[in-house]
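A short write-up of the structure that comes next.
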Amino acid sequence: MYDIETLHEATSVDDAVKALAADPQAIVIAGGTDVLVDIRSGKKAGAHLVSIHGLSDELDGVSLAKDGTVEIGPLTWFHHVTTSPIVQKTVATLGEACDTPGGPQLRVSGTIGGNVCTAATSGDAASTLLAYGALLDVLSVRGKRTIPIEEWYTGPGKSVRQHDELLVGIRIPKKNYEGFTGYYFKYGKRRALEIATMGCCCLVKLAGDKSTIADIRLAFGVAGPTPLRATKAEDGVRGLSVAEAAERIGELAQADTHPRDSWRASKEFRLQLIKEMSKRSLIEAARKGGADI
């Protein structure tokens, strides 16, 4: 049974933000793949829900702005992100990451916006959006603001989004994806229906010789209390040959991350995953860009 005290079905984005402002206990629900689980388990019993499920006209879909910015509505299903021709041509690695959560049923009900707002470090879209430097637009009755994803996460399951703010847009600027090829590596004990034990996204931009790392972005999920960029590791291999970078990046990434012990995996095992997944992800990303390795 689901212990739900109130349910407000928003008729528009403006209606949704007004409902959030009016009820300090209100919780946004879209696909419900996280919220309903928490309600059923008792974590959010007696919930006051504001449903945005019916706002597809305003919050669903993928588009490409005139300046090349990829714009993704937060109500877009994982499956629709994966299969979007725009995503496949511009931020293909995000599409690959969105093809890994849960199983087929979850991917046609779970939304990318919900994955961001849940703020779990294990979220499959989280590390990839971080690598792409996504911009998150939130709206409240006070107005609209844009939050760089680097500033979004504040702790396990926590973000800077205020209670009365609604995520209304996810944007990836052209400069953050142009020339990059990438690879998302998810490690779990099984191939599907699994929360990531470790997630790693590596984006690589090769120099003209196709053998030198001109630029790189390396991001992880479950390597710390929040998704994180391994910026020191990036700095340590930028300008190296792909082969040299592949040998160095693992240890650099280990020093740049902060995994912990949990019932899913020990800290030591996660550190080994970070080392190996960094190397493999860099190699695969470089291969997609034309490197011969």
Side-chain angles (χ1 to χ4, degrees), residues 30-31 33 52 55-118 120 122-138 146-150 152 167-186 192 196 199-206 215-221 227 229 281-282 284-290:
T33 56
I52 60 171
L55 305 185
S56 57
D57 287 348
E58 295 182 81
L59 298 178
D60 189 13
V62 181
S63 61
L64 190 65
K66 290 182 179 179
D67 65 357
T69 298
V70 178
E71 299 179 339
I72 305 172
L75 268 185
T76 310
W77 291 342
F78 289 121
H79 177 68
H80 284 173
V81 175
T82 299
T83 58
S84 164
I86 292 172
V87 168
Q88 292 172 357
K89 290 179 181 179
T90 57
V91 290
T93 309
L94 177 61
E96 294 165 8
C98 286
D99 200 35
T100 64
Q105 296 93 338
L106 183 141
R107 294 194 290 272
V108 293
S109 55
T111 65
I112 189 169
N115 199 240
V116 170
C117 289
T118 299
S122 58
D124 290 297
S127 58
T128 310
L129 287 171
L130 190 59
Y132 277 118
L135 302 174
L136 307 176
D137 297 323
V138 296
T146 297
I147 304 166
I149 196 166
E150 295 88 351
W152 179 263
L167 178 65
V168 295
I170 300 168
R171 295 181 289 120
I172 301 175
K174 185 177 182 179
K175 64 181 179 66
N176 290 359
Y177 68 80
E178 189 173 38
F180 284 93
T181 50
Y183 186 74
Y184 176 67
F185 194 155
K186 176 178 180 175
C200 173
C201 177
C202 186
L203 303 179
V204 168
K205 181 185 289 187
L206 296 176
D215 201 359
I216 183 171
R217 293 176 184 171
L218 182 66
F220 292 93
R229 280 269 301 274
S281 297
L282 183 149
E284 289 305 316
R287 278 178 177 158
K288 289 183 180 181

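Nothing here was measured: the structure is a model prediction, and the numbers come from that model.
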Exercise for review: State whether the side chain of T118 and the backbone N or O of G114 hold a donor-acceptor pair below 3.5 Å, judged by distance alone.
Suggested key: yes
Exercise for review: To the nearest 0.5 Å, tell me how far T69 OG1 sits from Y177 OH.
Suggested key: 7.0 Å
**Study point:** Pairwise distance NZ(K174) to CG(L64) - rounded to 0.5 angstrom
**Key:** 8.5 Å
**Study point:** Sidechain N-carboxylate O distance under 4.0 Å for D99, R107
**Key:** yes
Exercise for review: Give a yes or no on whether the backbone of G182 and the side-chain of R217 come within a donor-acceptor separation of less than 3.5 Å.
Suggested key: no
Exercise for review: For residues T76 and V62, report the shortest heavy-atom separation together with the two atoms involved.
Suggested key: CG2-CG2, 4.3 Å
Check your understanding: Are the side chain of K186 and the backbone of D124 linked by a donor-acceptor contact shorter than 3.5 Å?
Key -> no
Check your understanding: Could you give the distance from CZ (F180) to NZ (K175), rounded to the nearest 0.5 Å?
Key -> 9.5 Å
Exercise for review: With rounding to the nearest 0.5 Å, note down the distance linking CG in D60 to OG1 in T111.
Suggested key: 9.5 Å
Point to revise | Heavy-atom check, side chain of F78 versus side chain of P104, under 4.5 Å | key: no
**Study point:** For the student: nearest non-hydrogen atoms of S281 and C202, plus distance
**Key:** CB-CB, 3.7 Å
Exercise for review: Start with the C-alpha distance between I170 and L136, add both sets of side-chain angles, then the distance that settles side-chain contact (heavy atoms from CB on, under 4.5 Å), and finish with yes or no.
Suggested key: CA-CA 5 Å; I170 300 168; L136 307 176; 3.9 Å; yes
Review point. Mind checking whether L59 and V168 have side chains closer than 4.5 Å, heavy atoms only?
Key: yes
**Study point:** Minimum heavy-atom distance between T93 and C201, given as atom pair plus value
**Key:** CG2-SG, 3.9 Å
Check your understanding: In Å and rounded to the nearest 0.5 Å, what is the CZ to OG1 distance from R287 to T181?
Key -> 12.0 Å
